[in-house]
Amino acid sequence: MGERKVEDMSLSALFEQARKIHLTVTESGADQDLVKKGCELLEKCEDMISKLGLFSSNETKDDISTNNLKYVLVPFYLAELTEKLAQEERIQILKISQAKLKEFISFCEAMELVPQEELEASVQGASNSFADRRALKIARFRRQRAAEAKLTEIKERKERRGRSIKAAALSTPVEVGEDDLLDDDGEEEREAWLTTISLAICKAFDLLEMLKKEEEMLSAIKEKQLKEGEKEFSQAILDDRTKKAEAWHRDAAARARYTQPAAPITCATFAQDVIEGRANVSQAHEHKHQPMIFGPQSLIGGSLTSERERMAAQVFQPAYRMPTMSIEEAGLREMEMMNKWQERNAKMFEEANSAWYKDKPKMGPSEDDEDDDAAQEKARAWDDWKDDNPRGAGNKKLTPCG
């Protein structure tokens, strides 16, 4: 909408359009352009209300006409939209919004629209106790809920009457009681605007308290920043740090070429010790390990000098039996046993293949021929038996390849 068209619009048209924008922003949170447009329309409404002189300081709510009651809400709508503006100077926005809220509350107080308990609480100010403030918030919340329920009831009642009028117009073309219907509409509209103003008063007090707290917090933060000074890094410092980091990486890459890598770790237990910090890579390793102890670091790192420490260490032992040697140690031991077994078997095969048992035994000298014959026969029988029964023939299951 152009500026010329806004200038040509009437006060009621400006207010209706601004009220629609306020409703949209409050319910869905529209963009900043729509918020600024709503603020401009409401400021234009304020200017026109001031020029027309619709309200006077010596009037009450009964003296204001029904058509002009809705314009009482202009400062409240403007305060809510102003609070939603996103600008760097947030404190200035809060001050403007608070000023509009105070203007709205002061005008409603002059019109005798503000409840008496709110007036008493504003007079006492910060001297109210926590219980009084809590009771005031509860009463305000109840008034707000009652106003919302009343507005809903008026809206439903108006819709029902509208449907009845349409049905009556279709059934009877003759208009009857038109003045009574207009009077009912006027009273209902006045009741609706007064209830809307009452609801806006409750929201205005809550919003005013919230904006005051926010302003106090932002003022305290700003004051603290002024005292401590700005701690942001300048671009020069960031560039210097970037150069130092790049130089360090270049030097590290250059040193990596001439750095001798550590010997590979072939023992799983020693590698686990290195990972958990119990050993260094540069330490010599001979595949000798102590039994692993679980528990606090004080027990693991230190020596168990007392019975109490030994028992405390046993508390944290696992439920299963721990190995007494590593996989590497078991492999070395099995290799040693295999070498000894192979050497023993080789010696046994060498003895078995030797011909010492095939040699004829040397017979000693005999006293007479009979003894010589008997000994000769015995030797022949022994040789025959050995030919039939070679050495180790009955022990096949004990041989490695049996």
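Starting from 1, each residue takes its place in the sequence as its number. Small disclaimer: the values here were computed from a predicted structure and weren't measured.
Under a 4.0 Å N-O distance rule, the pair Lys158/Glu188 does not qualify as a salt bridge.
Shown here for Glu46 and Leu78, the closest heavy-atom pair between the two residues is OE1-CD2, 3.6 Å. Across all non-hydrogen atoms, the minimal contact from Thr82 to Ile93 is O-CG2, 3.1 Å. In plain terms, the two heavy atoms of Arg90 and Glu83 that are nearest each other are NH1-O, 2.9 Å. Smallest separation of non-hydrogen atoms from Val114 and Glu109: CG2-N, 3.4 Å. Nearest heavy atom pair, residue Asn68 against residue Phe55, reads O-CZ, 3.2 Å. Across every non-hydrogen atom of Ile105 and Phe205, the tightest pair is CG2-CZ, 3.8 Å.
The line from CZ of Phe15 to OH of Tyr77 is 5.0 Å long, rounded to the nearest 0.5 Å. Distance check: Lys212 NZ to Leu101 CG gives 10.0 Å after rounding to the nearest 0.5 Å.
You'll find the side chain of Arg145 reaches within 4.5 Å of the side chain of Phe141, heavy atoms only.
Applying the side-chain hydrogen bond (donor to acceptor under 3.5 Å, both in side chains) test between Thr66 and each of Glu187, Glu189, Arg190, Glu191 identifies Arg190 as the sole match.
The aromatic rings of Phe76 and Phe104 sit tilted, their planes meeting at an angle between 30° and 60°.
Shown here is Glu159, whose CD atom has more than 12 heavy atoms of other residues, nucleotides or ligands within 6.0 Å.
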